[in-house]
**Q** 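Let me begin by handing over the structure; questions about it come next.
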Amino acid sequence: MKEMKRAETRCGYIFILEIMVLAFLMLVSIAGATPFAYITNYGNDDVSEIDTVSVIDTATNTFITTIDVGRGPTGVAITPDGSKVYVLNSFDSTVSVIDTTTNKVIATVDVENGPIGVAVSPDGTKVYVTQCRDEDGNTAISIIDTAKKQGYRHDKHRTL
């Protein structure tokens with residue numbers, strides 16, 4: 001429990017800036033790919049819709065649905081073809097994969113140490129996930145093969 005609180009605090013300051021940047025990038029990326037926005041609902045236990053993603057039709061500005069994902073969803077990336085959405089679950093150290101045709105989670109990929117940033121390669125074959133520093137000051141980048149929807153590799157390095 002103590003370790004989870006430390007991870008929450010460590011990533012807390014990055015969270016607000018990250019959400020603003022990701023929201024902007026998400027809106028730019030979905031402009032040509034899909035008419036839907038996928039917005040994370042991150043909060044505390046007093047909020048009824050926590051640990052979900054809301055789907056909004058950007059053409060009509062209407063709410064479509066809410067999708068359950070892992071704990072602490074903080075970032076979203078959409079594949080260039082608009083077929084998949086990758087959602088970071090910072091407290092579970094996982095990434096939820098959503099199929100945009102069904103708006104259902106079709107896979108959950110484990111990553112390390114509180115994911116905080118996500119990007120999809122231009123060809124849609126890879127998803128890059130950055131994590132918070134561990135106790136030794138190391139950071140990691142997970143690379144997810146989108147065809148397999150699982151399996152990743154970590155490139156750890158010491159941050160100065």
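Small disclaimer: the values here were computed from a predicted structure and weren't measured.
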**Q** Let me confirm one number: the OG1-CG distance from T40 to L88, rounded to the nearest 0.5 Å.
**A** 9.0 Å
**Q** To the closest 0.5 Å, what do you measure between OG (S121) and CD1 (I143)?
**A** 10.0 Å
**Q** With a 4.5 Å limit on heavy-atom distance, are the side chains of V76 and V118 in contact?
**A**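 SC-SC contact between V76 and V118 ruled out.
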**Q** To the closest 0.5 Å, what do you measure between CD1 (I98) and OG1 (T79)?
**A**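 Taking CD1 in I98 and OG1 in T79, the distance rounds to 11.5 Å.
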**Q** Go through it in stages, so that I can follow the logic: the residues are V87 and V97, the test is side-chain contact (heavy atoms from CB on, under 4.5 Å), and I'd like the CA-CA distance, side-chain angles, deciding distance and then a yes or no.
**A** CA-CA 7 Å; V87 179; V97 183; over 6 Å; no
**Q** Is it true that D51 and Y42 share a donor-acceptor pair across their side chains at a distance under 3.5 Å?
**A**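 No, no side-chain donor-acceptor pair sits under 3.5 Å.
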**Q** Please list all pairs meeting salt bridge (Lys or Arg N to Asp or Glu O under 4.0 Å) that have one or both residues in residues 94-109, counting only residues at least two apart or in different chains.
**A**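 Qualifying pairs, neighbours excluded: none.
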**Q** Considering all heavy atoms of both residues, which atom of T100 and which atom of V85 are nearest to each other, and what is their separation?
**A**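 Smallest interatomic distance, heavy atoms only, reads CG2-CG2, 3.5 Å.
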**Q** Is it the case that D68 and T52 place a side-chain donor and acceptor less than 3.5 Å from each other?
**A**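 No donor-acceptor contact under 3.5 Å links the two side chains.
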**Q** Less than 4.5 Å apart, any side-chain heavy atom of P115 and any of S93?
**A**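 Of all side-chain heavy-atom pairs linking S93 with P115, at least one is under 4.5 Å.
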**Q** How many angstroms lie between CD1 in I39 and CZ in F63, if you round to the nearest 0.5 Å?
**A** 11.5 Å
**Q** Examine the side chains of T62 and D57 and answer whether a donor and an acceptor come within less than 3.5 Å of each other.
**A**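 No, no side-chain donor-acceptor contact under 3.5 Å.
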**Q** For the residue pair T108 and D92, establish whether any side-chain heavy-atom pair is separated by less than 4.5 Å.
**A**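 Answer no - side chains too far apart.
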**Q** Any side-chain heavy atom of V120 within less than 4.5 Å of one from I78?
**A** no
**Q** Got T146 and Y86 here, is their nearest side-chain heavy-atom distance under 4.5 Å?
**A** yes
**Q** State the CD1-OH distance between I56 and Y38, to the nearest 0.5 angstrom.
**A**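 Output value for this atom pair is 10.5 Å.
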**Q** Which atoms form the tightest heavy-atom contact between G124 and P80, and what is the distance?
**A** CA-CD, 3.7 Å
**Q** side-chain hydrogen bond (donor to acceptor under 3.5 Å, both in side chains) with S96: which residues, sequence neighbours excluded?
**A**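 Result, side-chain hydrogen bond (donor to acceptor under 3.5 Å, both in side chains) vs S96: N89.
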**Q** Quick check: do V95 and V129 have side-chain heavy atoms less than 4.5 Å from each other?
**A**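 In contact.
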**Q** Would you check if the side chain of T130 reaches a backbone N or O of G117 as a donor-acceptor pair within less than 3.5 Å?
**A** yes
**Q** To the closest 0.5 Å, what do you measure between CD1 (I67) and CG (N103)?
**A** 4.0 Å
**Q** Of all the heavy-atom pairs spanning N41 and P73, show the shortest one and how long it is.
**A** O-CG, 3.8 Å
